[in-house]
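A short worksheet on the structure shown next.
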Amino acid sequence: MARVYNFSAGPAMLPEEVLKTAAIEMFDYKGSGSSVMELSHRSKDFKNIIDTAEADLREIMAIPNNYKVLFLQGGASLQFAMIPLNLLKKKADYVHTGQWTKKAIAEAKKYGTINVVASSEEDNFTCIPALDNKTFSKDADYFYIASNNTIYGTVYDHIPDTGDVPLVADASSSILSEPIDVSKFGIIFAGAQKNIGPAGVTIVIIRDDLVGKQREFTPTMLNYETHVKGASMFNTPPCYSIYMAGLVFAWIKKNGGLTAMKQRNQQKAKILYDYLETSKLFSSPVKKENRSLMNVPFITGNQELDAKFIEGAAKKGLKTLKGHRTVGGMRASIYNAMPINGVRALVSFMEEFENKL
Ligand SMILES: *Cc1c(COP(=O)(O)O)cnc(C)c1O
């Protein structure tokens, strides 16, 4: 059976090479006589897996030494609570750019004053709102953004300058897609199922000085300090997801790191956006300077046509192209593991579909 091109926003495609390695190692991980799922998390084999995964991630992202890397559970969504529980004393600034920041804001409001400094809600989240440093709270405990908005396909064209206020970024759908300057952030977090690996592990990259500032009522398991002290093994970590993430990090390293990923991602996105510019049927609802390399929504403006397109595409092995229920239309998520031929096949089908009308 041929593998399909899966344009899902998450869980998303994994590199074929990674899946093949995992298949080979499934029954007997490197002569241990066990699968990774059966290894003790305290075993030497697993210690080696998690240490190598961390070292590779540090290398490909160039994570400075004064940052900790944590492998946690609960998805990106648990970070919506962990961020305020660990950092919020009085107030924090948030930029509202869609569903995921809406959820993060609602969660944070339970613990303090949340100041929404800018929002693109009036534009149906088709852009990143203009930011004015003068409106930022000088005394905020942190400043929060979602760096790539998975549902709307928007991305920041530059990182906001928040001065001494720690910048916290939900990078679930853009992490590892291009090099970023980690030192500009206080915390970067990401659920794995988009660009890292299978669901079940959440990566948190946190600057040292932000650890140990938790509110007194913060549950032990939701305290970053617990996981820093326990080296992500205070309790049983999501071992298999960490193993798979490690294979993906090694794959990125082998394929030229984040600079090469960015080049490939730009090339892929360009094929799609260029077509959307010339098409008379399909268009991008997103403002040009905020178009994401990872998630590309597109519309025809006609629900029946959209449904017909999605159905026809699926028959050609181009799967999961339906847009998010709140946006409609289509969305092609083209993360690192989506081959360039997947994007070419999609655009060919779009042309074919348009020409037949
Ligand atoms: C997918 C996603 C989430 C939610 O991730 P979970 O791991 O399902 O909690 C949060 N933020 C962004 C930007 C996402 O893309």
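Values below: every heavy atom of this structure, side chains too, minus hydrogens, waters and symmetry copies. Because the structure is predicted, anything quoted here is derived from the model rather than measured.
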Verify, without hydrogens or angle tests, whether [X] (side chain) and [Y] (backbone) share a donor-acceptor contact under 3.5 angstrom.
X    : Y    : answer
D141 : K89  : yes
R58  : Y67  : yes
T218 : L85  : yes
R331 : A9   : no
T300 : N302 : yes
N115 : A92  : no
T162 : V165 : yes
D161 : G163 : yes
S120 : C127 : yes
N336 : L176 : yes

Quick check: are there more than 12 heavy atoms from other residues, nucleotides or ligands sitting under 6.0 Å from [atom1] of [X]?
X    : atom1 : result
D164 : CG    : no
Q266 : CD    : yes
F217 : CZ    : yes
K316 : NZ    : no
R42  : CZ    : yes
D132 : CG    : yes

Are [X] and [Y] ion-paired here, with the side-chain N under 4.0 Å from a carboxylate O?
X    : Y    : value
K68  : D208 : yes
R3   : E16  : yes
E178 : R264 : no
E354 : K356 : no
K103 : E107 : no
R291 : E277 : yes

Check: [Y] and [X] side chains under 4.5 Å, non-hydrogen atoms:
X    : Y    : result
D28  : S35  : no
I187 : V204 : yes
I50  : M233 : yes
K91  : I114 : no
V182 : M61  : yes
M244 : L14  : yes
K262 : P179 : yes
L78  : T202 : no

Would you give the length of the straight line joining atom [atom1] of [X] to atom [atom2] of [Y], rounded to the nearest 0.5 angstrom?
X    : Y    : atom1 : atom2 : result
E17  : N255 : CD    : CG    : 6.5 Å
F80  : T101 : CZ    : OG1   : 8.5 Å
M82  : L222 : CE    : CG    : 5.5 Å
E225 : K213 : CD    : NZ    : 12.0 Å
L88  : I83  : CG    : CD1   : 10.5 Å
N223 : R215 : CG    : CZ    : 13.0 Å

Please tell me whether [X] and [Y] have a donor and an acceptor in their side chains that are separated by less than 3.5 angstrom.
X    : Y    : result
T150 : S173 : yes
S147 : S174 : yes
D157 : N290 : no
S172 : D170 : yes

Parallel, tilted or perpendicular: rings of [Y] and [X] (30°, 60°):
X    : Y    : value
F136 : F143 : tilted
F309 : F349 : tilted
Y144 : F189 : tilted
F282 : Y275 : tilted

Discussion item. side-chain hydrogen bond (donor to acceptor under 3.5 Å, both in side chains) for N265 and S177? Distances and angles first, verdict last.
Written reply: CA-CA 7 Å; N265 289 330; S177 65; 4.9 Å; no
Worksheet, complete the sentence: Partner of V327 under side-chain contact (heavy atoms from CB on, under 4.5 Å), picked from I151, T126, N124, I299, is I151
Discussion item. The criterion is ring-ring contact (aromatic ring centres under 6.0 Å, His included); which residues satisfy it with Y29, sequence neighbours excluded?
Written reply: Y243
Worksheet entry | S333 versus M338, closest heavy-atom pair with distance | O-CE, 4.2 Å
Worksheet item: How far apart are the closest heavy atoms of Y240 and A22, and which atoms are they?
Response: OH-CB, 3.8 Å
Are [X] and [Y] joined in one hydrophobic group, where the rule is that I, L, V, M, F, W and Y side chains link up if heavy atoms are under 4.5 Å apart?
X    : Y    : result
I145 : Y94  : no
L72  : V201 : no
L318 : L276 : yes
F298 : Y152 : no
I63  : I206 : no

Worksheet item: Taking the six-membered ring for Trp, is the centroid-to-centroid distance between F71 and H227 below 6.0 Å?
Response: no
Worksheet item: With ring centroids as reference points, do F7 and Y335 lie under 6.0 angstrom apart?
Response: no
Discussion item. Quick one, E304 with K308, criterion salt bridge (charged side-chain N to carboxylate O under 4.0 Å, His left out). Give me CA distance, side-chain angles, the key distance, then yes/no.
Written reply: CA-CA 6 Å; E304 261 172 57; K308 220 176 123 191; over 6 Å; no
Practice prompt. Quick one: do S32 and L39 satisfy side chain to side chain contact (heavy atoms under 4.5 Å, CB included)? Show the steps, please.
Written response: CA-CA 9 Å; S32 66; L39 292 176; 4.0 Å; yes
Practice prompt. Validate the cation-pi geometry between K194 and W100: distance from NZ or CZ to the six-membered ring centre under 6.0 Å, angle to the ring axis within 45°.
Written response: yes
Discussion item. Please give the remaining members of the hydrophobic cluster of M221, linking ILVMFWY side chains under 4.5 Å, ordered by chain and number.
Written reply: F234
